[in-house]
Trainee: 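Structure below; questions to follow.
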Amino acid sequence: MTYNFKKIEEKWADKWYKDNIYRSEDFSQKPKKYILAEFPYPSGAALHVGHMMRYTVPDMYSRYLRMNGYNVLFPMGWDAFGLPAENYAIKTGIHPAETTKTAIADMKNSLIKMGYSFDWQRELSTIDPDYYKWTQWLFLKFYDQGLAERKEMPIWWCENLKTVLSDEEVLTDKDGNKISERGEHPVERKNLEQWVLKMPEYAEKLLEGLNEVDFPESIKQAQINWIGKSEGAEIDFKVADTQDKLTVFTTRLDTIYGATFLVISPEHPLLEKITTSEHLIEVNEYKNKAKQKSDMERTELMKEKTGVFTGSFAVNPYNGMKLPIWTGEFVVMSYGTGAIMGVPAHDARDYEFAQKYELKIEQAIESSEKEAVIIPYLEEGIVVNSEDFSGLRSDEARSKMLEKAQSEDFGRGKVNYRLRDWIFSRQRYWGEPIPLIYVEPDGHIEKETNLPLILPEVPDYKPTSDSVSPLAKNQEWVNTTSQNGRPAKRETNTMPNWAGSCWYFMRYVDPKNDEEFADPEKMRYWLPVDKYFGGAEHTTMHLLYSRFWYRFFYDLGLVPTKEPYSWRLNGGLLLGPGSKKMSKSIGNVIDPMLVADNYGADALRMFISFLGPYEDTYPWNENGIKSTWRLLKTIEDLKVRVSDDVDDKNVEKSYHRMVMNIGDMLENIKMNTAISEIMIFVNVLKKSGKINTEIWKGFIKVLAPFAPFMAEELWQEINEYEKWNPTNSVHLQSWPYYDEKIVIDETILIPIQINGKVRGEVQVSENDTEELVKEKVQQISRVEELLKGRNITKFLYIPRKIISIVAE
RNA sequence: GGGCGAGUGGCGGAAUGGUAUACGCGCGACACUUAAAAUGUCGUGUCCUACGGAUAUGAGGGUUCGACUCCCUCCUCGCCCACCA
């Protein structure tokens with residue numbers, strides 16, 4: 001018999017879609033579960049087989065929950081603004097509105113073909129004006145609260161993409177080069193005025209929020225590191241013989257008596273002022289050289305530290321010591337105050353610098369163990385050579401020293417974050433227009449009140465080199481009037497491609513609402529997201545950005561909870577043949593639709609989830625899919641053996657065990673072992689004769705989340721339904737029961753260990769006493785033989801597990 | 001340099017204190033076939049004197065009747081961050 005998956009898969013995909021059998025119901029009496037998988041961005045590239053793994057596992061889980069009586073929200077949509085789509089449009093010369101439309105239709109088709117149980121009534125697209133109306137509206141909330149601002153600052157510019165990028169969108173490649181996350185193009189620093197969202201103001205709340213969510217430790221740590229909280233103090237050093245002061249940030253205030261020099265960044269605003277005339281040439285030369293170097297060169301690993309003396313001195317406010325002020329490019333303006341105190345005795349980098357330029361090294365900390373220390377000594381310990389502070393532990397010294405700084409007004413406690421303002425404007429066409437206008441003549445900013453502010457259809461949407469948005473060319477659109485009828489110009493930058501995805505999970509709750517971004521009651525019912533599946537690459541981007549938005553909305557009373565996602569799992573990658581990342585240039589991209597054509601969507605679904613845990617990375621292997629294809633064919637062949645009057649205790653027991661185990665594994669998102677349980681049960685069926693109808697029906701229901709098409713076909717057949725009726729779909733049936741009593745044997749074979757080695761087995765019953773078991777064990781001839789002439793010092797019987805004998 | 005994670009057959013992996021290697025791939029033998037494919041059956045960590053035994057989860061040590069699992073030291077790999085003061 002051949003397994004004609006094509007016919008059945010097309011038939012059922014069509015029927016399920018038309019009747020939208022997976023719809024979720026607002027305010028249902030059933031308990032809710034919100035299962036979310038990151039939505040794709042429809043550019044020119046079709047979904048590849050890696051996407052399918054990321055959707056298949058959540059789909060199986062959603063199906064399982066639905067069969068267990070939950071009201072499941074499992075939605076899908078399109079993250080359609082942004083660079084990939086726009087670049088594809090530029091490449092093909094077709095307008096992005098057109099290319100995304102085609103791509104969406106294409107992707108949707110693929111997802112339906114794969115049998116994913118999305119509630120398509122809630123489909124949304126970030127480029128739909130009814131959607132981005134609210135993206136703009138929510139942005140204006142940030143503006144109202146002073147969290148969206150125009151700022152001039154050094155930021156990342158990508159010449160290839162012709163736009164600025166946020167810190168999160170810039171990655172470091174293997175050679176230490178800074179590259180764009182999209183397209184991996186080189187990026188450079190530029191001083192530009194841009195819209196930013198002041199995310200650092202939420203640093204503390206974003207950290208706290210991690211305590212109440214169930215994320216893997218690796219994700220929490222990655223976000224914690226990215227936020228980069230560091231507690232310390234800012235100390236003002238007077239520049240000797242002037243009114244100027246230099247402020248340094250330090251986390252080791254306890255070492256300040258060991259400071260022997262100061263280093264400021266070459267970009268420091270005071271550098272020019274404090275440089276003395278005899279050092280001016282040297283400093284300027286150094287400064288210019290630093291300027292020309294790319295960021296990569298400046299931050300190259302293990303690079304030797306360089307610097308030049310400015311000729312000025314700073315006064316240590318604690319002991320009045322005069323410290324030479326240097327400038328050095330290893331001090332960056334973008335962190336702390338752009339100035340550091342050099343404590344060579346207790347900092348490895350300062351030590352290296354002091355060695356090189358023969359600066360003084362003075363010890364201020366000694367080991368609390370009273371042992372000799374090797375300089376540089378980086379640990380905390382006991383403060384020495386520090387006047388009144390000597391003898392204190394490092395932590396005590398820090399608080400006492402800080403008290404002094406505060407009371408004498410030369411310093412203050414300070415918490416620094418690595419997290420930067422989120423650069424929120426892009427010089428690109430394909431994004432949400434920022435709904436703000438500059439009113440003439442003074443250019444003051446007003447909000448656009450008439451939302452959505454539609455992205456105009458322009459013929460020339462190509463990016464320009466002069467860091468101006470292509471929208472600026474469209475004078476008709478740019479020129480507008482203020483609320484008072486005064487002439488005004490629109491902001492022409494657009495939002496970054498992350499904007500739409502910051503709140504899409506809120507919109508799924510109420511996707512058609514045109515009064516509000518979502519009904520608060522519906523949000524209270526559905527939110528937070530119970531399980532969020534996505535990609536590791538979004539840990540410090542989308543996942544952090546959307547937590548930030550949501551937390552801000554919580555503070556405004558717009559959303560019901562502090563955190564948007566209660567649980568998160570990052571999916572791994574599916575590598576192409578040859579264990580390389582699938583890419584068009586290598587030519588190892590596996591097209592899932594082609595695979596589905598050859599083996600069926602069911603076989604593909606089962607294979608990619610059988611590979612191993614969701615979060616791991618695997619190479620594609622063509623032979624693997626043949627195995628799940630074979631499995632499905634075997635299952636289909638078994639149906640002729642189904643009969644009403646069969647009673648096979650062995651099969652029954654395997655069946656109950658399978659139902660129990662698979663339920664357990666699905667709850668723990670372990671699809672790979674769940675599928676192996678199916679294989680084990682099918683192997684049992686293969687070896688037995690006729691199959692009891694009720695067991696067969698139960699098995700089909702268990703199969704349903706994994707191979708939804710075949711399960712539906714078999715279900716309709718065994719129940720002899722002549723006409724399709726959605727309520728009869730196997731996917732709307734309830735998960736089968738299992739009887740634990742049948743699973744657990746009354747008598748079981750348990751191993752016997754002698755001195756830690758397994759030497760035999762014994763049949764014991766549930767109610768056997770330890771005495772009886774001991775007797776039984778000693779009657780086994782092999783055991784008897786091994787124990788002959790030896791003294792049993794210990795006899796251990798762990799019911800259901802093992803017997804352990806220790807003999808001398 | 002810091003953080004997180006991982007190291008188990010030829011390969012993907014299973015087992016979170018109780019018979020290590022489930023399940024699958026691959027490989028081998030046999031059956032069916034003119035033959036091949038497909039399918040089926042059996043076998044498949046390594047070593048040995050082989051119906052038995054020894055040995056094995058990156059290396060070494062510890063805790064335990066018993067350790068892939070817990071603890072300590074080290075090695076290797078992956079991911080994230082990084083002249084961050």
Side-chain angles (χ1 to χ4, degrees), chain A residues 171-172 176 216-230 232 234 248-252 255 262-263 265 298-306 328-332 334-343 347-350 352-353 378 416-418 536-537 539-540 570 572-573 579 606-607 610-613 615-628 630-631 633-634 637 670 672-683 686-687 749-761 782 793-807:
Chain A
L171 308 177
T172 312
E217 200 50 37
S218 58
I219 297 180
K220 286 190 183 183
Q221 277 305 327
Q223 292 203 347
I224 289 167
N225 290 345
W226 188 260
I227 293 167
K229 180 178 183 174
S230 112
E234 279 185 358
V248 305
F249 174 70
T250 177
T251 55
R252 289 296 302 274
T255 67
L262 252 55
V263 187
S265 166
R298 274 186 67 175
T299 59
E300 207 179 326
L301 270 145
M302 309 305 287
K303 192 177 170 298
E304 211 182 344
K305 280 127 201 74
T306 61
E329 57 184 358
F330 70 94
V331 179
V332 293
S334 53
Y335 184 78
T337 60
I340 62 157
M341 62 180 199
V343 186
D347 182 280
R349 195 193 43 205
D350 295 348
E352 200 190 312
F353 194 78
L378 311 178
N416 260 326
Y417 298 95
R418 208 200 69 99
E537 68 276 20
T539 300
T540 53
N570 282 349
L573 289 175
S579 295
M606 289 187 94
F607 168 59
F610 177 61
L611 282 168
E615 57 271 33
D616 291 346
T617 291
Y618 311 93
W620 174 258
N621 167 13
E622 181 86 20
N623 282 320
I625 191 161
K626 287 184 189 154
S627 75
T628 48
R630 255 196 305 266
L631 173 74
K633 186 183 176 321
T634 308
D637 290 347
K670 295 196 165 176
N672 54 328
T673 51
I675 289 167
S676 76
E677 288 292 326
I678 291 177
M679 290 172 169
I680 291 167
F681 182 62
V682 168
N683 287 341
K686 267 203 295 194
K687 284 180 181 151
L749 217 51
I750 66 168
I752 303 161
Q753 270 186 359
I754 298 172
N755 289 345
K757 293 211 158 47
V758 178
R759 299 297 182 184
E761 292 176 321
R782 192 163 139 64
T793 53
K794 200 167 212 170
F795 183 90
L796 240 91
Y797 170 51
I798 318 286
R800 313 185 136 313
K801 304 255 170 157
I802 207 158
I803 291 155
S804 186
I805 301 167
V806 185

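Each chain gets a letter, A, B and so on, in the order its sequence line appears, and its residues count up from 1.
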Trainee: Expressed as a whole number of Å, how far does the C1' atom of G52(B) sit from that of G62(B)?
Mentor: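 Comparing C1' positions in G52(B) and G62(B) gives a spacing of 33 Å.
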
Trainee: For Thr337(A), check side chain to side chain contact (heavy atoms under 4.5 Å, CB included) against everything at least two apart and list the hits.
Mentor: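 Testing Thr337(A) for side chain to side chain contact (heavy atoms under 4.5 Å, CB included), a comparison that skips the adjacent residues, returns Glu234(A), Thr247(A), Phe249(A), Ala339(A).
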
Trainee: How long is the span from the CZ atom in Phe353(A) to the OG1 atom in Thr306(A), to the nearest 0.5 Å?
Mentor: 7.5 Å

Trainee: Has the side chain of Tyr618(A) got a donor or acceptor atom that lies under 3.5 Å from a matching backbone atom of Pro613(A)?
Mentor: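 Side chain of Tyr618(A) to backbone of Pro613(A): a pair is present.
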
Trainee: Using a cut-off of under 3.5 Å, enumerate the N/O to N/O pairs linking the protein to nucleotides 14-17 of chain B.
Mentor:
unit_1 : atom_1 : unit_2    : atom_2 : d
A14(B) : OP1    : Asn672(A) : ND2    : 3.1

Trainee: Pairing of RNA chain B as dot-bracket, 5' to 3': ( ) intra-strand, [ ] crossing, | other strand, . unpaired, with Watson-Crick or G-U pairs under 3.5 Å?
Mentor: (((((((..(((.....[....)))((((((.......))))))((((...))))..(((((..]....))))))))))))....

Trainee: Please report the interatomic distance CZ(Arg800(A)) to CD1(Ile750(A)), rounded to the nearest 0.5 Å.
Mentor: 10.0 Å

Trainee: Indicate yes or no for a side-chain donor-acceptor contact from Asp347(A) to the backbone of Gly342(A) under 3.5 Å, with no hydrogens or angles considered.
Mentor: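 Judged by distance alone, no pair lies under 3.5 Å.
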
Trainee: So which atom in Ile805(A) and which in Ile752(A) form the shortest heavy-atom distance, rounded to 0.1 Å?
Mentor: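 Smallest heavy-atom distance, with atoms named: CD1-CG2, 3.9 Å.
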
Trainee: Report the distance from atom CD1 of Ile675(A) to atom CG of Leu611(A), rounding to the nearest 0.5 Å.
Mentor: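 Going from the CD1 atom of Ile675(A) to the CG atom of Leu611(A) covers 9.0 Å.
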
Trainee: Nearest 0.5 Å please: distance from the CD1 atom of Ile340(A) over to the CG atom of Leu262(A).
Mentor: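 It is 8.0 Å, given to the nearest 0.5 Å.
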
Trainee: Going 5' to 3' along nucleotides 40-48 of chain B, which nucleotides have protein heavy atoms under 4.0 Å from the base (write B), which only from the sugar-phosphate (write S), and which from neither (write -)?
Mentor: S--------

Trainee: Look at the side-chain N and O atoms of Lys626(A) and state whether any lies under 4.0 Å from the OP1 or OP2 oxygen of A38(B).
Mentor: no

Trainee: Of all residues at least two apart in sequence or in a different chain, which pass the side chain to side chain donor-acceptor pair (under 3.5 Å) check with Glu537(A)?
Mentor: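 Glu537(A): side chain to side chain donor-acceptor pair (under 3.5 Å) contacts with Arg54(A).
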
Trainee: Find every protein N or O atom lying less than 3.5 Å from an N or O atom of nucleotides 3-11 of chain B, and list the pairs.
Mentor:
unit_1 : atom_1 : unit_2    : atom_2 : d
G3(B)  : O2'    : Gln221(A) : OE1    : 3.2

Trainee: With sequence neighbours excluded, tell me which residues meet side chain to side chain donor-acceptor pair (under 3.5 Å) with Arg349(A).
Mentor: none

Trainee: If I pick the P atom on A37(B) and the same atom on G26(B), what distance separates them, to the nearest angstrom?
Mentor: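 About 13 Å, rounded to a whole number of Å.
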
Trainee: Base, sugar-phosphate alone, or nothing: which one does Lys220(A) contact when heavy atoms must sit under 4.0 Å apart?
Mentor: nothing

Trainee: Would you please confirm or rule out a distance under 4.0 Å between OP1 or OP2 of A82(B) and any side-chain N or O of Arg418(A)?
Mentor: yes

Trainee: Not counting sequence neighbours, which residues clear side chain to side chain contact (heavy atoms under 4.5 Å, CB included) with Asn683(A)? List them please.
Mentor: Lys686(A)

Trainee: The test is side-chain contact (heavy atoms from CB on, under 4.5 Å); show your working for Met341(A) and Thr250(A) and say whether it passes.
Mentor: CA-CA 8 Å; Met341(A) 62 180 199; Thr250(A) 177; 3.6 Å; yes

Trainee: Give each protein N/O atom lying under 3.5 Å from an N/O atom of nucleotides 65-73 of chain B, with the pair distance.
Mentor:
unit_1 : atom_1 : unit_2    : atom_2 : d
C65(B) : OP1    : Lys794(A) : NZ     : 3.2
C65(B) : O2     : Ser804(A) : OG     : 2.6

Trainee: Using atom P of each nucleotide, how far apart are A59(B) and A67(B) to the nearest Å?
Mentor: 15 Å

Trainee: Base of G9(B) relative to its sugar, syn (within 90° of 0) or anti?
Mentor: syn

Trainee: Could you list the residues that satisfy side chain to side chain donor-acceptor pair (under 3.5 Å) with Arg630(A), not counting sequence neighbours?
Mentor: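 Per chain and number, Arg630(A) pairs via side chain to side chain donor-acceptor pair (under 3.5 Å) with no residue.
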
Trainee: Quote, to the nearest angstrom, the P distance that separates A38(B) from C25(B).
Mentor: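 A38(B) and C25(B) have their P atoms separated by 12 Å.
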
Trainee: P atom, C23(B) versus U41(B): distance in rounded Å?
Mentor: 13 Å

Trainee: Can any side-chain N or O of Ser265(A) pair as donor or acceptor with the backbone N or O of Val331(A) at less than 3.5 Å?
Mentor: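 Here the side-chain-to-backbone pair exists.
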
Trainee: Using only atom types and a distance under 3.5 Å, with no angle test, would you say the side chain of Thr539(A) pairs donor to acceptor with the backbone of Ile219(A)?
Mentor: no

Trainee: Looking only at side-chain N and O atoms, does Asn683(A) come under 4.0 Å of OP1 or OP2 in G24(B)?
Mentor: yes

Trainee: Classify the nucleic acid contact of Glu761(A) as base, sugar-phosphate or nothing, counting any heavy atom under 4.0 Å across all strands shown.
Mentor: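 Base contact.
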
Trainee: If the condition is side chain to side chain contact (heavy atoms under 4.5 Å, CB included), which residues does Ile680(A) pass it with, not counting sequence neighbours?
Mentor: Glu677(A)

Trainee: Mind checking side chain to side chain contact (heavy atoms under 4.5 Å, CB included) for Thr628(A) and listing every partner two or more places apart, or none if nothing turns up?
Mentor: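 If we apply the side chain to side chain contact (heavy atoms under 4.5 Å, CB included) test to Thr628(A), skipping adjacent residues, the hits are Ala603(A), Met606(A), Phe607(A), Ile625(A), Met679(A).
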
Trainee: When we call it a touch if two heavy atoms are under 4.0 Å apart, what does Phe610(A) touch: a base, just sugar-phosphate, or nothing?
Mentor: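 Counting heavy atoms under 4.0 Å across all strands, the contact made by Phe610(A) includes a base.
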
Trainee: Take Tyr417(A) and Ile675(A), find for each the nucleotide of RNA chain B with the closest heavy atom, and name the residue whose nucleotide sits nearer the 5' end.
Mentor: Ile675(A)

Trainee: Enter the distance from Gln223(A):CD to Ile227(A):CD1 here, rounded to the nearest 0.5 Å.
Mentor: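 One gets 6.0 Å once the value is rounded to the nearest 0.5 Å.
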
Trainee: Just to confirm, is there a sub-4.0 Å distance from OP1 or OP2 of A85(B) to any side-chain nitrogen or oxygen of Tyr335(A)?
Mentor: yes

Trainee: Of the options A54(B), A85(B), A20(B), whose atoms approach the side-chain atoms of Arg759(A) most closely?
Mentor: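 The nucleotide sitting nearest to the side chain is A54(B).
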
Trainee: A85(B), A54(B), U19(B): which one has an atom nearest the side-chain heavy atoms of Pro751(A)?
Mentor: U19(B)

Trainee: For the pair made of CZ in Phe249(A) and C1' in A85(B), what is the distance, rounded to whole Å?
Mentor: 8 Å

Trainee: Say we look at G9(B) and C27(B): how far apart would their C1' atoms be, to the nearest angstrom?
Mentor: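 These two C1' atoms come out 12 Å apart once rounded.
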
Trainee: If you assign Arg252(A) and Asn623(A) each to the RNA chain B nucleotide with the nearest heavy atom, which residue ends up on the more 5' nucleotide?
Mentor: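 The residue whose closest nucleotide sits nearer the 5' end is Asn623(A).
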
